[in-house]
Amino acid sequence: SGRAGDVRVSAGSGSGSGILYLAGGEALGAGASGGRTEVHAGGSRSGPGGALDLRAGNSTDEFVGGNVVLSAGTSSMGTSGSVQVFSPDSGSMASTGSVDFHSGSSTSGSSGWVSLASGTSTGGSSGLVRVVSGQSTTGSTGAVTVMSGSAQHGSSGPVVVASGSTVVGSTGALTLV
């Protein structure tokens with residue numbers, strides 16, 4: 001058979017463009033879960049699977065391009081939802097895919113930050129930030145590299161490893177093994 005047809009859903013254009021809103025239904029029953037919203041790229045039996053491209057809109061003027069926000073739901077009495085970004089397990093004879101976080105390049109300005117941080121807590125402990133390589137049963141584990149970028153005409157950035165400050169208790173230990 002031939003190629004399947006495309007489905008295009010878009011908001012209209014105008015002096016101010018419309019909003020495209022996709023949402024699962026709200027559950028009104030006690031203990032019931034809200035409706036899921038799933039967006040899947042197509043699979044393939046003999047070629048690569050389809051790509052899933054989520055991107056914000058561009059700006060052709062001096063304004064900023066649109067933001068991309070991935071956020072879990074909040075809870076008024078319980079724990080907020082998790083945000084998980086991962087490449088799935090591979091078959092027995094292949095490697096898993098990579099997960100890349102990086103900001104874009106700039107030719108005349110500064111490139112964007114990449115920030116990994118846990119949230120602030122006023123009544124408990126703040127969350128952990130862990131950067132670890134995976135385990136291996138038959139080979140070597142992956143390296144963990146923390147380095148500043150190189151510079152052609154200026155100074156390269158410093159690498160700072162420090163524990164946090166505290167007002168009442170003890171500061172955290174810094175352990176290099």
Side-chain angles (χ1 to χ4, degrees), residues 7-11 16-43 49-59 63-90 95-106 110-136 141-149 157 159-177:
V7 176
R8 183 182 179 95
V9 179
S10 63
S17 63
I19 297 174
L20 179 62
Y21 187 75
L22 299 175
E26 183 176 352
L28 302 178
S33 299
R36 293 171 60 102
T37 301
E38 298 188 4
V39 180
H40 294 265
L52 180 61
D53 189 357
L54 297 176
R55 69 176 69 187
N58 300 325
S59 175
F63 299 104
V64 179
N67 295 321
V68 175
V69 179
L70 297 178
S71 174
T74 61
S75 174
S76 59
M77 298 294 290
T79 304
S80 64
S82 299
V83 175
Q84 298 179 343
V85 179
F86 61 93
S87 68
D89 298 337
S90 69
S95 300
T96 62
S98 299
V99 177
D100 296 328
F101 293 96
H102 58 87
S103 66
S105 301
S106 175
S110 299
S111 62
W113 286 39
V114 175
S115 178
L116 296 177
S118 67
T120 302
S121 175
T122 56
S125 299
S126 63
L128 286 162
V129 176
R130 298 182 63 193
V131 179
V132 296
S133 66
Q135 298 177 341
S136 176
T141 61
V144 176
T145 303
V146 180
M147 61 184 297
S148 66
V159 176
V160 179
V161 180
S163 65
S165 60
T166 180
V167 176
V168 178
S170 300
T171 60
L174 181 62
T175 304
L176 300 176
V177 180

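Counting begins at 1 with the first residue of the sequence.
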Atom of Thr96, atom of Ser87 and distance for their closest heavy-atom approach: CB-OG, 4.1 Å
Is the shortest side-chain heavy-atom distance between Phe101 and Leu116 below 4.5 Å? no
Show the nearest heavy-atom pair for residues Ser82 and Ala72, with the distance to one decimal. O-CB, 3.6 Å
May I ask you to decide if Gly24's main-chain N or O and Thr37's side chain share a donor-acceptor pair within less than 3.5 Å? yes
Do you know the tightest heavy-atom contact between Ser136 and Thr141? N-CG2, 4.0 Å
Minimum heavy-atom separation for Ser111 and Gly104, please, with both atom names. CB-O, 3.2 Å
Kindly give the heavy-atom pair with the smallest separation between Ser133 and Ala143, and that separation in Å. CB-O, 4.4 Å
Crowded around Glu38 CD? As in, over 12 foreign heavy atoms under 6.0 Å? yes
Ignoring hydrogens, what is the shortest heavy-atom contact between Ser163 and Ala173? Give both atom names and the distance. CB-O, 4.4 Å
